[in-house]
Amino acid sequence: MRNRVFVVTFIVLVVVSVTALNILTSDKTGSREHSSLIPGQENSGAAEVYDQKEGWGFVKSRQGKLPEVTAHQRDLVKKYDALFMGDNSKKQVTLTFDLGYEKEGLTPRILKILKENNVKASFFVTTHWIEKEPQLARQLISEGHIMGNHTVKHKSLPTLSDNEVKEEILGWEKVAKDAAGYKIKHKYMRPPMGEYSERTLKLTRDMGYRTAFWSVAIKDWLPMEGPQEAIKGITAQLHNGAVVLLHGNSEDVVEGLDRIIKEIRKRGYGIVPIYKI
């Protein structure tokens, strides 16, 4: 009887030991091709550059409180010197516009309103916009605004190879210089659709560009219920160091822009260029 107990106990111990060994081995030597920096996961010390496609997002600011992002997002922003929010100790904001195409007459109206209010903004444009509107591109440059890189073909960068990412970013730079005479002093790149990976953040930084995300946004690329919705949507999210994203082909945004600027200042915020935020 004792021998039978001894044998059973021995078998159980062997099974437990083998199982534990398999678990430990799996943890240490498992394939890295499926590894990813998942929000909340402690991977900040890892040497690898991960290639998981992500989309920029955050919990919106309310009543002046700062917007919330994950620890993972904060780590990537810091590691690759990306921008999503400026100095939150200062009561100031910056205005940015995304433009893939020109909606008849809207950009001239934007420039007029900005000039009347003495505001310097940033325009993230595609090469399609520059090539179709070289005079407007030259005007916004001459009036002291930043022309930001929004790539050649507005593709999702994480879906491209390293060389293709470089072609999208450096190809834009060539068109900006050749078509608009732009001498780039402040290099900012906004990833199309806000899609990125750690790999594309690194590539962007290594090319001398700073990835520009945002901390205030509304769904202004969709039909809205008039300019008041745009005004309310932006001003409700204001906070120190805000990077405001607007779309330059939204009629409601353009109709409400003067009010947006005046309301921002009424609430005590200064409006500064992106390189001063």
Side-chain angles (χ1 to χ4, degrees), residues 37-45 52 54-98 117 119-124 146 148 150 186 188-198 200-202 204-205 209-222 224 228-247 250 253 256-257 259-277:
L37 284 173
I38 301 171
Q41 186 173 339
E42 297 299 328
N43 282 318
S44 58
Q52 176 176 307
E54 303 180 41
W56 183 251
F58 51 90
V59 178
K60 292 181 178 181
S61 167
R62 285 290 183 268
Q63 298 180 333
K65 295 181 179 179
L66 297 180
E68 298 177 12
V69 297
T70 66
H72 161 65
Q73 289 173 305
R74 284 196 302 271
D75 288 345
L76 287 184
V77 165
K78 182 178 180 180
K79 184 174 182 179
Y80 297 103
D81 191 32
L83 173 70
F84 107 88
M85 178 172 60
D87 185 347
N88 58 44
S89 70
K90 297 179 180 179
K91 198 163 186 180
Q92 58 188 27
V93 305
T94 192
L95 299 182
T96 72
F97 296 84
D98 282 7
N117 287 279
V119 170
K120 304 303 180 187
S122 302
F123 292 81
F124 289 90
I146 295 292
H150 204 33
H186 304 285
Y188 289 88
M189 193 283 296
R190 176 160 285 162
M193 299 161 286
E195 294 179 348
Y196 64 97
S197 68
E198 183 176 3
T200 64
L201 291 177
K202 183 178 186 302
T204 300
R205 184 201 62 185
Y209 279 85
R210 190 175 189 191
T211 296
F213 292 118
W214 56 89
S215 63
V216 173
I218 54 176
K219 293 182 179 179
D220 56 353
W221 65 92
L222 298 174
M224 304 182 77
Q228 190 58 39
E229 184 180 351
I231 296 166
K232 183 178 179 181
I234 293 299
T235 56
Q237 297 179 59
L238 290 175
H239 63 85
N240 287 6
V243 178
V244 180
L245 166 63
L246 298 165
H247 285 83
S250 168
V253 162
L257 183 57
R259 285 277 308 281
I260 289 171
I261 291 170
K262 286 179 167 55
E263 187 64 28
I264 288 172
R265 286 175 167 160
K266 182 179 178 181
R267 298 189 185 195
Y269 292 93
I271 305 175
V272 300
I274 195 170
Y275 55 85
K276 290 186 177 181
I277 195 66

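The basis for the numbers below is simple: all heavy atoms, side chains too, and nothing from hydrogens, waters or symmetry mates.
- We find the NE2-CG distance between H150 and D98 to be 4.0 Å, quoted to the nearest 0.5 Å.
- H239 NE2 to R62 CZ: the interatomic distance, rounded to the nearest 0.5 Å, is 11.0 Å.
- Shortest non-hydrogen contact noted between A217 and F58 is N-CZ, 4.5 Å.
- Other residues, nucleotides and ligands contribute only 12 or fewer heavy atoms inside 6.0 Å of the CZ atom of R259.
- With contacts defined as side-chain heavy-atom distances shorter than 4.5 Å, the pair P191/T211 qualifies.
- A side-chain donor from one of R190 and T96 sits under 3.5 Å from a side-chain acceptor of the other.
- Separation of atoms CG (L245) and OG1 (T94) is listed at 11.5 Å; rounding is to 0.5 Å.
- The side-chain heavy atoms of I271 and N117, taken from C-beta on, include no pair separated by under 4.5 Å.
- No side-chain heavy atom of F213 sits under 4.5 Å from any side-chain heavy atom of V69.
- Here the CD atom belonging to E54 is positioned 7.5 Å from the CD atom belonging to Q73, to the nearest 0.5 angstrom.
- In this structure, S215 and A242 approach most closely via the heavy-atom pair OG-CA, 3.4 Å.
- For W214 against G194, the heavy-atom pair with the smallest separation is CH2-CA, 3.7 Å.
- Between L246 atom CG and F123 atom CZ the span is 9.5 Å, to the nearest 0.5 Å.
- Put simply, CD1 on I234 and CD1 on I261 are 11.5 Å apart, with the number rounded to the nearest 0.5 Å.
- The shortest distance between side-chain heavy atoms of L76 and Y196 falls below 4.5 Å.
- Dense packing is recorded around NZ of K91, with more than 12 heavy atoms of other residues, nucleotides or ligands lying under 6.0 Å away.
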Next on the checklist: Let's go through L83 and I274 carefully: what are the C-alpha distance in whole Å and the side-chain angles of both, what is the deciding distance for side chain to side chain contact (heavy atoms under 4.5 Å, CB included) to 0.1 Å, and is it a yes or a no?
Outcome noted: CA-CA 9 Å; L83 173 70; I274 195 170; 3.7 Å; yes

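- Within a 6.0 Å radius of NZ in K60, other residues, nucleotides and ligands contribute more than 12 heavy atoms.
- For Q228, the CD atom sits in a packed shell: over 12 heavy atoms of surrounding residues, nucleotides or ligands are nearer than 6.0 Å.
- Evaluation of the ring pair (Phe, Tyr, Trp, His ring centres under 6.0 Å) rule for Y209 yields no partner, not counting sequence neighbours.
- By the 4.5 Å heavy-atom criterion applied to side chains, Y269 and N240 are counted as neighbours.
- T204 has its side chain out of reach of Y80: every pair of non-hydrogen atoms, C-beta onward, lies at least 4.5 Å apart.
- Judged purely by atom type and a 3.5 angstrom limit, S197 has no side-chain atom pairing as donor or acceptor with the backbone of Q52.
- Side-chain contact check for L95 versus I264: some heavy-atom pair is nearer than 4.5 Å.
- A 4.5 Å side-chain heavy-atom check between M85 and L66 finds at least one atom pair inside the cut-off.
- Within the structure, the salt bridge (Lys or Arg N to Asp or Glu O under 4.0 Å) test picks out the following pairs touching residues 263-277 (sequence neighbours left out): E263-R267.
- With sequence neighbours left out, the ring pair (Phe, Tyr, Trp, His ring centres under 6.0 Å) criterion links F84 to W56.
- In this structure H247 satisfies the ring pair (Phe, Tyr, Trp, His ring centres under 6.0 Å) test together with W221, sequence neighbours excluded.
- Every residue two or more places apart in sequence or in another chain was checked for a salt bridge (Lys or Arg N to Asp or Glu O under 4.0 Å) with D220, and none qualifies.
- Taking the salt bridge (Lys or Arg N to Asp or Glu O under 4.0 Å) definition, one finds that R210 meets it with D81, sequence neighbours left out.
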